[in-house]
Amino acid sequence: EGVGPQEYTLIKMKLRKPYPSNLKSFSDKPVYLVAATLRPETMYGQTNCWVHPDINYIAYTLSNGDVYISTERAARNMAYQDFFKEEGKIPIALKLTGKDILGLSLEAPLTFNKVIYTLPMLTIKDNKGTGIVTSVPSDSPDDYAALTDLKKKQPLREKYGITDEMVMPYNPIPILEIPDFGNLSAVFLYDTLKIQSQNDTAKLLEAKEMVYLKGFYDGVLLVGPHEGKKIQDVKKLIQKQLINEGKAVIYYE
Ligand code: A2H
């Protein structure tokens, strides 16, 4: 870990109506699962949202009336970043576990998929970000490995009540080109390093390191208004655009 706080972009993934019965009490309010990312420029390629089935989450109300869902730890950090009416005080509305929010139908910014679902990822840490992760399997080896696990393993889908429609139609989308790795870098590295599952920690770490720096310095966007531009030149622009449109917020920890 570096010195000083890390800045994340929180991507607001909007719960679609009708809300499920355990979230019905919010039916007059916009509810968002919020995912911490370092890669806002990859949001064109979102295919699903990850939650950990056994982590605890909370739903809480922001000063603007929005409802967010994340870990309590993330909300505690937000309490000192002007998210709530009263500084330091989290307006908790509901306690949840990951299992309670699996299979939700969401709308996420920029992605080509109109609807995406919350799916289980067993390697999510409860002490980083919001405990909710947005999935970009074209460019994140962790995301591609976890999505491939769900596609390959019917019992895994069944265990968590995930239907085939929530998983099978979703494939990595080519959104950026990295020299030598092609336009689906995570898939290329998964195959090249012969990664077996989301628990293949050492190889996934290697893949992540390979893709991150090279993607930042040599990656070129293939889609959207900044098509053809280098990632390092558009990362901040895309982050700003998302924030201006109310689809993301900045969060530090
Ligand atoms: B990244 P860092 Cl395309 N547990 O977003 C596990 N992973 C988490 C997490 C948690 N609690 N919170 C955030 N993350 C993931 C996009 C992405 C990410 C791409 C490529 C690489 C990548 C789409 N998923 O991360 O330890 C989130 O996934 C590579 C590390 O602060 C977030 O950015 O560096 C990143 O890890 C933050 O991890």
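When a ligand or atom number is given, it counts from 1 through the structure's own listing order.
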Using a heavy-atom cut-off of under 4.0 Å, does the side chain or the backbone of [X] touch ligand 1, or both, or neither?
| X | answer |
| --- | --- |
| Lys208 | side chain |
| Val133 | side chain |
| Thr37 | both |
| Thr130 | neither |
| Lys128 | both |

Which residues share a salt bridge (charged side-chain N to carboxylate O under 4.0 Å, His left out) with Glu245, sequence neighbours left out: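 Lys247.
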Test Tyr57 against every option in Val51, Leu94, Leu33 by the side chain to side chain contact (heavy atoms under 4.5 Å, CB included) rule and name the one that passes.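 Testing Tyr57 for a side chain to side chain contact (heavy atoms under 4.5 Å, CB included) against Val51, Leu94, Leu33 leaves exactly one candidate, Val51.
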Look at the rings of Phe112 and Tyr44 and say which category their plane angle falls in: under 30° parallel, 30 to 60° tilted, over 60° perpendicular.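 Geometry flag for Tyr44 against Phe112: tilted rings.
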Parallel, tilted or perpendicular: which fits the ring planes of Tyr68 and Tyr60, with parallel below 30° and perpendicular above 60°?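 If you compare the ring of Tyr68 with that of Tyr60, the planes turn out perpendicular.
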Under 4.0 Å to a heavy atom of [X] - the qualifying atoms of ligand 1, by number:
| X | answer |
| --- | --- |
| Tyr8 | 2 (P), 31 (O), 37 (C) |
| Ala36 | 13 (C), 27 (C), 32 (C) |
| Asp143 | 23 (C), 24 (N) |
| Ser140 | 3 (Cl), 19 (C), 20 (C) |
| Thr134 | 23 (C), 24 (N) |

Does Tyr212 have Lys214 sitting over its ring (NZ/CZ under 6.0 Å from centre, angle to axis within 45°)?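 Here Lys214 fails the 6.0 Å and 45° test against Tyr212.
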Should the heavy atoms of other residues, nucleotides or ligands under 6.0 Å from NZ of Lys153 be counted, would the total exceed 12?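 Check passes, neighbour count above 12.
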In this structure, which one of Lys29, Lys12, Lys14 forms a side-chain hydrogen bond (donor to acceptor under 3.5 Å, both in side chains) with Asp66?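 Answer to the side-chain hydrogen bond (donor to acceptor under 3.5 Å, both in side chains) test with Asp66 among Lys29, Lys12, Lys14: Lys12.
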Can you tell whether the side chains of Glu87 and Lys89 come within less than 4.0 Å, N to carboxylate O?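 Here Glu87 does not pair with Lys89 in a salt bridge, since their nearest N and O are not under 4.0 Å apart.
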Could you pull out, from Arg39, Arg73, Glu7, Lys125, the option with a heavy atom nearest to atom 4 (N) of ligand 1?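 Selected option, by shortest heavy-atom distance: Lys125.
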With respect to Ile124, determine whether any N or O atom, backbone or side chain, lies less than 3.5 Å from an N or O atom of ligand 1.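 N/O-N/O distance below 3.5 Å does not exist for this pair.
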